[in-house]
Amino acid sequence: MIITDVRPFGADPVDVHVSEGVITRIAPAGGATADPGAGEQLAGEGRLAFPTFADVHCHLDSTLLGLPFRPHTGGPGVWTMMMNDRQHWREPEWPIAQRTTHTLGMMVARGTTVVRSYAQIDADCRLERFEAVLSAKEAFAGRAEVEIIAFPQAGLFREPGVVPLLDEALSTGAATVGGIDPCSLDGDPARHLDTVFELAEKHGATVDIHLHEPAAMGAFSARLILDRTRALSMQGRVTISHGFFLAQLEEPARREMIAELAELDVSMATVAPATSPLPLRELLEAGVRVGLGEDGQRDYWSPNGNADMLFRTWQLAFTQGFRADAQVETALAVATAGGRSVLDPALDRVREGEAPQLRVGDRADLVLLPGETPTALVLDRTFGDCLPGRTVLHAGRVVAQDGELTR
Ligand SMILES: [Zn+2]
């Protein structure tokens, strides 16, 4: 297949040749149309082209997208929010596997084909939510790459039986073991992280720690994460999500912490929060991999999240105070190439001011979007209906067109 006349990250138009799911040639636009022997063609018509969006922090197991809107009932604090979700998650009109699959379909239809999703595992839901995320992943096999995090949302030790359930999930389809607020939730940070890293070692899994803890407490937990990453040689296999503490640390502690994240190739996942946003430019400058995610998608935790990462890209640019085109393009790079490099450390890091390149040998995951420039695309996303003209390819196959999944 040849995708003709597209502008990767807004650069000059090219034709992208694809064979067996991989980009095999990138040439200036125009050559393919002149070749009568060329295979199937997909007309890019001058659209912008990016690697598909990568959402590396979402909770497919709690989504309520597609269902009637519910007023937000969550209270303050992680435990209160968790209990509110626990009280209600069985109530919605659809079974949970239908909810996870519907939302993953919305994500693919809007251009996200690389996904790292949490699956909450606790004494209440046991493996029910994990199995629902697994069934969504299976429903989209070949159309999206989905990595599942076995996630102890309610802690590892506050309730009995959680660790063996995580162990089971890691044996049956979870690729990543999650942890959460090792000091403030379980109150025993060393034991919490030792357990997470032991499970990772046992299963050859990667690690992702939800770290909401503030300033000094967050820095203390991060210190323990870095120590274990170093001791177990897990460079490139550990992610810290949120990491609100980084925005609150004083210099030089912040600079030193960022340098060590880079040295040990510990990546960060952000959801572009309104308060305590990540020091994104400092992280990228130091060489830390950063990915973006939606977090809750209209669930009991948050009314935000519409399964369209173009909107979250705008939110990242806005919360970072980005105005210059090169900065907004950096937000797009994080939302696409950045998240992919979090999941696959063999891929290039995103650097500020350097548009990622499509490369021969890359899997042909592409989202084509109409727009004047990458920055205009992000800023104009709400003009009219932003889905017409959006084409999504995963491994060289068109999986969605105009916001609808293809058959
Ligand atoms: Zn989260």
Side-chain angles (χ1 to χ4, degrees), residues 53-65 72 74-86 89 99-100 103-104 107 112 114-122 125 129-130 132-133 136 146-156 166 169 174-182 184-186 192 196 206-214 218 221-222 225 238-247 267-278 290-307 309 311-312 315-316 319 334-335 339 342-343:
F53 292 106
D55 186 328
V56 297
H57 186 120
C58 66
H59 295 258
L60 278 176
D61 67 328
S62 45
T63 176
L64 298 172
L65 285 173
H72 185 64
V78 172
W79 188 257
T80 312
M81 296 280 268
M82 198 285 296
M83 289 307 285
N84 178 59
D85 174 271
R86 180 177 286 188
W89 74 273
R99 276 135 61 187
T100 56
T103 292
L104 181 57
M107 294 170 78
T112 300
V114 172
V115 177
R116 186 189 249 182
S117 172
Y118 298 89
Q120 178 167 338
I121 291 171
D122 63 29
C125 65
R129 297 169 74 142
F130 164 69
V133 178
V146 179
E147 192 174 299
I148 304 175
I149 306 172
F151 179 49
Q153 175 84 68
L156 289 171
L166 290 182
T176 305
V177 53
I180 177 169
D181 295 340
S184 60
L185 196 57
D186 273 332
H192 182 100
V196 167
T206 46
V207 167
D208 178 292
I209 310 287
H210 257 72
L211 203 51
H212 310 96
E213 293 166 348
S221 289
I225 293 167
V238 176
T239 304
I240 295 177
S241 276
H242 299 307
F244 300 138
F245 74 96
L246 267 185
S267 57
M268 305 279 314
T270 185
V271 302
T275 52
S276 299
L278 273 191
V290 182
L292 184 64
E294 279 205 300
D295 213 2
Q297 293 159 311
R298 190 182 285 189
D299 60 15
Y300 291 110
W301 294 73
S302 168
N304 294 314
N306 63 355
M309 285 285 284
F311 284 67
R312 190 54 55 115
Q315 185 175 314
L316 180 63
T319 54
V334 168
V342 168
L343 297 197

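We're numbering straight along the sequence, starting at 1. Whatever order the structure lists them in is the order used to number ligands and atoms, beginning at 1. Atoms considered below: every heavy atom in the structure, side chains included; atoms not considered: hydrogens, waters and symmetry mates.
Shown here are the protein N/O/S atoms lying under 2.8 Å from the Zn ion (ligand 1), water excluded: His57 NE2, His59 NE2, His210 NE2, Asp295 OD1.
Under 4.0 Å is where a charged nitrogen must lie from a carboxylate oxygen, and between Asp61 and Arg99 no such pair does. A salt bridge between Asp295 and Arg312 is absent, with no side-chain N of the basic residue lying under 4.0 Å from a carboxylate O of the acidic one.
Side-chain contact, Gln297 with Asp299: no donor N or O sits under 3.5 Å from an acceptor N or O. Ser62 and Gln120 are not linked by any side-chain donor-acceptor pair at a separation below 3.5 angstrom, with hydrogens and angles left out of the test.
Applying the side chain to side chain contact (heavy atoms under 4.5 Å, CB included) test between Val56 and each of Leu343, Asp208, Val115 identifies Leu343 as the sole match. The side chain to side chain donor-acceptor pair (under 3.5 Å) test with His57 singles out one residue from Glu294, Arg116, His210, and that residue is His210.
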